[in-house]
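Remember, predicted model here, so these are calculated numbers, not experimental data.
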Amino acid sequence: MSPHTTDQWTMNYLYYRGDFGFPRQTKTLPWGTGPVLTVGKPCATKLFSEVTKKLEHVHSLKDMMVFDANGLILNPHEKKGSPTFIAPTLHQWDRGHK
């Protein structure tokens, strides 16, 4: 199924073509690190349901996200105490189930 938007595909294409300036200075960061945490993946995913035998929308795969005692979302691969341990910016937060 083709996505309605292709922002990530477009960014990947531009990155690997070297369109972001100096290739040696442009870096990618693994999910769960850095100043922006994209939460669209765990918030808007379809999984196969054994009950309906179809792909079903799953709201908030919270097992992919880590929360602190106050409910703040953490970057799971950052060291405790680092400036980005608590996710400073959430991308695609609006896809999550309220």
Side-chain angles (χ1 to χ4, degrees):
M1 184 163 110
S2 178
H4 297 283
T5 59
T6 59
D7 62 332
Q8 190 61 55
W9 293 358
T10 303
M11 296 302 275
N12 290 347
Y13 173 74
L14 294 172
Y15 172 78
Y16 287 107
R17 261 187 37 167
D19 288 347
F20 289 123
F22 303 104
R24 291 188 179 141
Q25 294 176 354
T26 304
K27 305 209 180 312
T28 62
L29 297 171
W31 185 84
T33 63
V36 178
L37 181 61
T38 302
V39 296
K41 168 72 174 149
C43 286
T45 300
K46 289 186 177 183
L47 296 176
F48 184 76
S49 168
E50 290 294 335
V51 176
T52 64
K53 305 296 184 198
K54 293 193 254 179
L55 285 176
E56 299 281 341
H57 184 77
V58 177
H59 292 291
S60 298
L61 296 173
K62 290 186 178 179
D63 61 329
M64 288 183 70
M65 295 192 290
V66 180
F67 298 85
D68 72 2
N70 297 315
L72 297 174
I73 299 176
L74 305 177
N75 275 320
H77 304 293
E78 293 288 347
K79 292 180 183 174
K80 193 171 187 172
S82 89
T84 55
F85 181 63
I86 295 174
T89 306
L90 296 178
H91 177 54
Q92 298 180 338
W93 61 269
D94 58 332
R95 281 126 172 110
H97 185 64
K98 311 290 188 271

* Asked: Would you find a donor on one side and an acceptor on the other, under 3.5 Å apart, between the side chain of N70 and the backbone of L72?
  ->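 Not a single qualifying donor-acceptor pair exists.
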
* Asked: Taking side chain as C-beta onward, heavy atoms only, is N75 less than 4.5 Å from P88?
  ->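 With C-beta onward as the side chain, the pair touches.
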
* How would you list, by chain and number, every residue that makes a side chain to side chain donor-acceptor pair (under 3.5 Å) with Y13, sequence neighbours excluded? ->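 Side chain to side chain donor-acceptor pair (under 3.5 Å) list for Y13, sorted by chain: R17.
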
* **Residues forming a side chain to side chain donor-acceptor pair (under 3.5 Å) with K53, sequence neighbours excluded** =>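 Applying side chain to side chain donor-acceptor pair (under 3.5 Å) to K53 gives E50.
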
* Does L90 have any side chain to side chain contact (heavy atoms under 4.5 Å, CB included) partners at least two apart in sequence or in another chain, and if so, which? ->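 Only L37, V39, I73, A87, W93 meet the side chain to side chain contact (heavy atoms under 4.5 Å, CB included) criterion with L90.
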
* Asked: Partners of K80 by side chain to side chain contact (heavy atoms under 4.5 Å, CB included), sequence neighbours excluded?
  ->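 Expected list: F85.
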
* **Crowding at OH, Y16 (>12 non-hydrogen neighbours, <6.0 Å)** =>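 Atom OH in Y16 is not crowded, with 12 or fewer foreign heavy atoms closer than 6.0 Å.
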
* **Sequence-distant partners of K79, salt bridge (Lys or Arg N to Asp or Glu O under 4.0 Å), two or more places apart** =>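 Partners of K79 under the salt bridge (Lys or Arg N to Asp or Glu O under 4.0 Å) test: none.
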
